[in-house]
Amino acid sequence: MRRYEFSEIEKKWQKKWLDRGLFKADTKVTDNKYYCLMMFPYPSAALHVGHGRNYIIGDVVARYKMMRGLNVLTPMGWDAFGLPAENAAIKNGVHPSKSTLANIKMMKKQLGSWGVGYDWDREVASCMPDYYKWTQWIFLKLYEKGLAYKKKAFVNWCPSCNTVLANEQVVDGACERCSSVVSQEELAQWFFRTTSYAERLLDDISKLKEWPDKVKAMQTNWIGRSEGVNIDFPVAGSDEVLTCYTTRVDTIYGCTYMVLAAEHPLVESLVKDSPDSGRIMDFVRKVRSRSNLSRTRDDSSKEGVFTGRYVINKINGREIPLWIADYVLMEYGTGAVMAVPAHDQRDFDFASKYGLPIEVVIESPASHGSDASSGNAITEAYELEGILVNSDRFSGMKSPEGAEAIADHMESEGIGSRAVHFRLRDWLISRQRYWGAPIPIVYCDACGIVPVPESQLPVLLPDDVEFRPTGESPLKASPDFVNTKCPACGAPARREIDTMDTFVDSSWYFLRYISPHLDEKPFDKEDVDKWFPVDQYIGGVEHAILHLLYSRFITKVLCDLGYISFDEPFERLFTQGMIIKDGAKMSKSKGNVVSPDRLIEKYGADTVRLYTLFIGPPEKDAEWSDRGVEGAYRFVKRVWNLLDVLEGSSPDGRGDAASEKKLLMKTHQTIKKVTDDIDGAFHFNTAISAVMELVNHIYSGISEKGNECYSRECLKEVFSRVVLLLGPFIPHAAEELNERLGSHESVFDQEWPSYDENMLTSDTVVVPVQINGKLRATVEMPRGISEQEVKETVLSDKKVLSALPVPEKQIKKWVILADKLVNIVV
RNA sequence: GGGCGAGUGGCGGAAUUGGCAGACGCAAGGGACUUAAAAUCCCUCGGGUGAAAACUCAUGAGGGUUCAAGUCCCUCCUCGCCCACCA
């Protein structure tokens, strides 16, 4: 009867929570609101224990906050559009909507079996028309504002997936999904103008006080602000001017040639009159078609070609040769680079290869003035700051002041001007894919690009489409979809056949949770304003850059448009570490996936939860061990078996007074520790070990003094608190124990236990005593006594006396930290 | 190349502002209970010397600051993650 039947217990309480709507939130009530958000998953396949960590952490936080009396909102949904479902569809012939919905069903069941609770009435799935209608609406709002635009661009093309990839989806020049080498193609694509928010996205990082520094650093680097100077170089014998950007204007006198990117728009016109133009353009075409991979893989293999042209460096009037090379990127700066081979390693490599001049204009402060450096051949570029030489009247200045002086000079002479550049680029949102939200645009021969009016949303994704990739969007093959009427003039027109990047879907879902069933609006402004920002966002670091940046961007845009009144969506962010198995991230392909289902069957959900939380600090990666689960199981049973201990304890209030006092003290200390650990950095591992210590304490008291050690009243009081403390971690067992202890109230309706400051310490304290910094004894003494009394107590201790190498008169110094430590220096 | 982080027993990991290194757990060994096993409970468990008490060494390596360093400073080594021909 007292056996721990976890299977029954867990089913029982999961049903009870559902029946009474434990996780239902009323968003109209905004007092004490707490919005606890977990990154919604992609419904791909069965969840493994690595995924589980995310949801379990979130569930612990939600349940804990409930016990703290907060009005908790924990919604869940599905990032349901995307390539994997479509790829699976191509492979297995099952329609993506079918497999997606089946996966959602399965994952929902798994989440339930973990005891993880959500307000399922607010469930959203990004592939449903009532959701993507509003994704399309957001597109229209950006379009109206000029923040969505179409341009022809060189894009990353995956020949295997037959689609365009965002720069972000290209890893080491290869497709992040299939690892095929990515090539470059020119296509007309839709972009969101994230660059116009670059400065704000960067500046507002300072508002994110409760985000991990790591994530903030990653976002800062990604946005990549740099300050420098744009310098104009007129092309000799031409009206053209080439502008290049540099952060090292102090090296301008060492500029011995200029390099253009192969994609630079002036390349054709500059070389067309050259007798060599055929050969030059061959090179240009070769570079343009080359994938990023071969262009970036080996940085020693820089290749280039001389254009036959010269440009004028106006600061000294010198003509320098103009080259085209594969190491210059069109996407950054101006696509033209002033090459200073003496002070930039890439330029140095290139100049060495093609015999271009190398002129030193910066010397290190150490060698400045000696004649060692100037004139002599150097073997590598000196890239540090230093002292300017061979730089006219700027010679002798240090790099920073030289740069300022040169910039001033250039601005007053009209040679160049100070400029800020960002690495962040506009967000390419077009995908030549089926399984995504259609872009709500119509092309009319008369009216041109026409946005679909809001009243005609959603632009439905057709069901009956051959979704095999052909290089163009599968939607092109659906005449019913493509052929439409122009919303402006009514003439026959064609729909945009690209769909949106799924990052668009996921950059606003957290707003929809507040008003998931609203038909006429994406969300209710008043409610959203009250419930935002999200109090706690929890998810994996892999989304540290893109998802979080895009979400911040969309939030800012919606704020500027007046749809919401806040411009940062997430107050506090927690990124949990991965769970590793056999030294690698869990993945089907590696075959190291640990399924929670089998473990839950064997040990119960509470044990799996407990182990997942106990495995290590949740922000760090952790190695999964099935053996460790066994240990968690033992602990849950040990807690369970306290029922027997309680029954055997001494009734009628006859316990050992000293033992009870100690136990109560330990209990209050434990409450404090657990509370601090959860409130602080989510260190559930140490919170759990504190409860383990308390439970061990109970058992060791009984093992020493027998059942009479604690009275039933005392033990019950402690036991009830243990149950409450464990509630967020092992909710089913806690509820069951709570009920068996006679409570009629759910654990999660009860108040989180509080501790009494006066119960944390005893009257005496055991103080370590060091001699010359080495521990020699521990001495028990009353708390809070004077230094003189401490000295007397310590010197009356036999162990201290025997360890003292000299008579006490020769003690040089006493270091006394009240109630904490004594160090005797001799 | 740039940014961030980490290195502590056989293993996962604990250690407020510098203040008893190794909490808690796993594994291992021993014991109790049992006809036996499982389960449960109890004990031991960083290295060295020692019968023991105790002493001594020990937080990647080497220096330094301090009464006192896993923690602070300098030099170096190793590993992980993110970004990267970004001018």
Side-chain angles (χ1 to χ4, degrees), chain A residues 3 171-172 212-218 220-222 224 226 228 244-248 251 259 261 292 295-302 325-329 331-340 343-347 349-350 383 421-425 541-542 544-545 577-578 610-611 614-617 619-632 634-635 637-638 641 644 676 683 685-693 695-696 699-700 702-704 766-778 799 802-803 812-817 820-826:
Chain A
R3 270 193 54 198
V171 177
D172 285 338
D213 290 339
K214 184 168 102 184
V215 173
K216 289 195 276 188
M218 281 161 81
T220 302
N221 291 339
W222 189 259
S226 81
C244 72
Y245 172 70
T246 182
T247 53
R248 285 299 300 275
T251 65
V259 209
N292 278 351
R295 284 172 81 166
T296 61
R297 180 181 272 162
D298 185 358
D299 49 6
S300 66
S301 70
K302 300 181 201 333
D326 60 357
Y327 74 97
V328 178
L329 306 172
E331 297 87 35
Y332 184 76
T334 61
V337 172
M338 63 170 232
V340 183
H343 304 294
D344 182 291
Q345 192 58 38
R346 293 157 303 174
D347 297 341
D349 294 341
F350 190 81
E383 295 188 319
H421 280 264
F422 294 91
R423 303 169 71 155
L424 183 73
R425 298 174 207 166
V541 221
E542 64 272 21
I545 299 176
M578 278 187 309
L610 190 79
Y611 175 65
F614 186 63
I615 191 168
E619 73 277 10
K620 292 211 181 118
D621 291 353
E623 170 84 29
W624 184 270
S625 140
D626 283 348
R627 275 268 168 75
V629 181
E630 199 91 38
R634 273 204 276 272
F635 174 67
K637 280 193 292 187
R638 215 163 138 81
N641 291 339
D644 289 333
D676 291 350
H683 281 170
N685 55 330
T686 48
I688 290 166
S689 68
V691 183
M692 285 173 168
E693 282 187 60
V695 171
N696 289 348
Y699 275 99
S700 65
I702 285 161
S703 133
E704 266 173 44
V766 177
V767 173
V769 176
Q770 300 178 334
I771 294 170
N772 286 341
K774 293 205 168 167
L775 181 74
R776 292 302 176 199
T778 54
K799 249 180 143 183
S802 71
K812 268 198 204 137
K813 186 178 167 187
W814 287 81
V815 179
I816 298 174
L817 276 84
K820 267 179 105 177
L821 176 128
V822 173
N823 189 12
I824 303 169
V825 186
V826 297

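In what follows, every chain begins at residue 1, and chains take the letters A, B, ... in the order their sequences are listed.
Taking atom OH of A/Tyr699 as the reference point, atom P of B/C42 lies 8 Å away to the nearest angstrom. Put simply, NZ on A/Lys774 is 14 Å from C1' on B/A54, counting in whole angstrom units. In this structure, the CG atom of A/Asp626 is 16 Å from the P atom of B/G12, given to the nearest Å. Distance A/Ile688 CD1 to B/G13 C1': 13 Å, rounded to the nearest Å. Here B/C24 presents its P atom at 20 Å from CD of A/Glu630, a figure rounded to the nearest Å. Per the geometry, CG belonging to A/Asn221 stands 11 Å off P belonging to B/C83, to the nearest Å. B/C33 atom C1' lies 16 Å from atom CG of A/Asp644, rounded to whole Å. The interatomic distance linking A/Ile824 (CD1) with B/U66 (P) rounds to 21 Å, in whole Å.
Although no hydrogens or angles enter the test, the distance criterion places a donor-acceptor pair under 3.5 Å between the side chain of A/Asp621 and the main chain of A/Met578.
Set against B/C41, B/C57, B/C86, the side chain of A/Tyr332 has B/C86 as its closest nucleotide. Nearest nucleotide to the A/Trp222 side chain, out of B/C83, B/C24, B/C4: B/C83. When distances are taken from the side chain of A/Lys813 to each of B/C85, B/C67, B/C24, the shortest belongs to B/C67. In the set B/A84, B/A27, B/C55, B/C55 carries the atom at the smallest distance from any side-chain atom of A/Arg776. The listed nucleotides are B/G12, B/G25, B/A87; the one nearest the side chain of A/Met692 is B/G25. Side-chain proximity of A/Arg627 to B/A84, B/C42, B/A27: nearest is B/A27. Residue A/Lys799 places its side chain closer to B/A54 than to any other of B/A54, B/A87, B/C41.
Rounded to the nearest Å, the gap between the P atom of B/G18 and that of B/A69 is 13 Å. With C1' as the reference atom, B/C74 and B/U66 are 16 Å apart, rounded to whole Å. Using atom P as the reference point in both B/G25 and B/U40, the two lie 13 Å apart (nearest Å). Comparing the same atom, C1', in B/G46 and in B/A28 gives a spacing of 14 Å after rounding to whole Å. Nucleotides B/U71 and B/G19 have their C1' atoms positioned 11 Å apart, rounded to a whole Å. If you take atom P in B/A23 and the same atom in B/A14, they sit 13 Å apart, rounded to whole Å. The gap from the C1' atom of B/A21 to that of B/A68 amounts to 14 Å, rounded to the nearest Å. For the C1' atom pair drawn from B/A32 and B/A36, the interatomic distance equals 15 Å after rounding to whole Å.
Put simply, the side chain of A/Lys302 and the base of B/C85 share a donor and an acceptor less than 3.5 Å apart.
Side-chain atoms of A/Tyr699 and A/Asn641, non-hydrogen and from C-beta on, do get closer than 4.5 Å to each other. A/Cys244 is listed as a side-chain neighbour of A/Thr334, based on a closest heavy-atom distance under 4.5 Å. Annotation: side chain of A/Gln770 is not in contact with side chain of A/Val822 (no heavy-atom distance under 4.5 Å). Using a 4.5 Å cut-off on side-chain heavy atoms (C-beta onward), A/Tyr327 and A/Val337 make no contact. Looking at heavy atoms from C-beta onward, A/Met338 lies in side-chain contact with A/Thr251 at the 4.5 angstrom threshold. Using a 4.5 Å heavy-atom threshold, the side chains of A/Val340 and A/Arg248 count as separate. A/Glu619 places a side-chain heavy atom less than 4.5 Å from the side chain of A/His683.
Remark: A/Lys216 NZ is packed, more than 12 non-hydrogen atoms of other residues, nucleotides or ligands lying under 6.0 Å away.
Between A/Gly333 and A/Asn696, the residue whose closest nucleotide on RNA chain B is further toward the 5' end is A/Asn696. If you find the closest nucleotide of RNA chain B to A/Tyr245 and to A/Ala622, the one lying nearer the 5' end belongs to A/Ala622.
A glycosidic torsion no more than 90° from 0 defines the syn conformation; B/G80 lies beyond that range and is anti.
Using the six-membered ring where Trp is involved, A/Tyr332 and A/Tyr245 have ring planes that are perpendicular, over 60° apart on the 30 and 60° scheme.
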ask   = So what is the 5' to 3' dot-bracket string for RNA chain B, if pairs are Watson-Crick or G-U wobble with both distances under 3.5 Å, crossing pairs use [ ] and | means the partner sits on another strand?
value = (((((((..(((......[....))).(((((.......))))).((((....))))..(((((..]....))))))))))))....
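Note on A/Lys620: nothing from the nucleic acid sits closer than 4.0 angstrom, heavy atoms only. Across all strands shown, A/Thr246 has heavy atoms under 4.0 Å from sugar-phosphate atoms exclusively, and none from any base. Across all strands, A/Gly631 comes closer than 4.0 Å only to sugar-phosphate atoms, never to a base (heavy-atom distances). Across all strands, A/Val337 comes closer than 4.0 Å to base atoms (heavy-atom distances). Backbone-only engagement by A/Asp621 is indicated by non-hydrogen atom pairs under 4.0 Å involving sugar-phosphate atoms exclusively.
Between A/Arg423 and B/G2 there is no side-chain N or O to OP1 or OP2 distance below 4.0 Å. For A/Arg634, a side-chain nitrogen or oxygen approaches OP1 or OP2 of B/A27 to under 4.0 Å. For A/Lys214, no side-chain nitrogen or oxygen approaches OP1 or OP2 of B/C82 to under 4.0 Å.
Contact detail for A/Asn696 and A/Arg638: the closest heavy-atom pair is OD1-NH2, 2.9 Å. Here the closest non-hydrogen pair linking A/Leu817 and A/Val815 is CD1-CG1, 4.0 Å.
The CZ atom of A/Arg346 sits 12.5 Å away from atom CZ of A/Phe350, with the distance rounded to the nearest 0.5 Å.
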Base versus backbone protein contacts along nucleotides 17-23 of chain B [heavy-atom cut-off under 4.0 Å; B, S, -] = B-BB--B
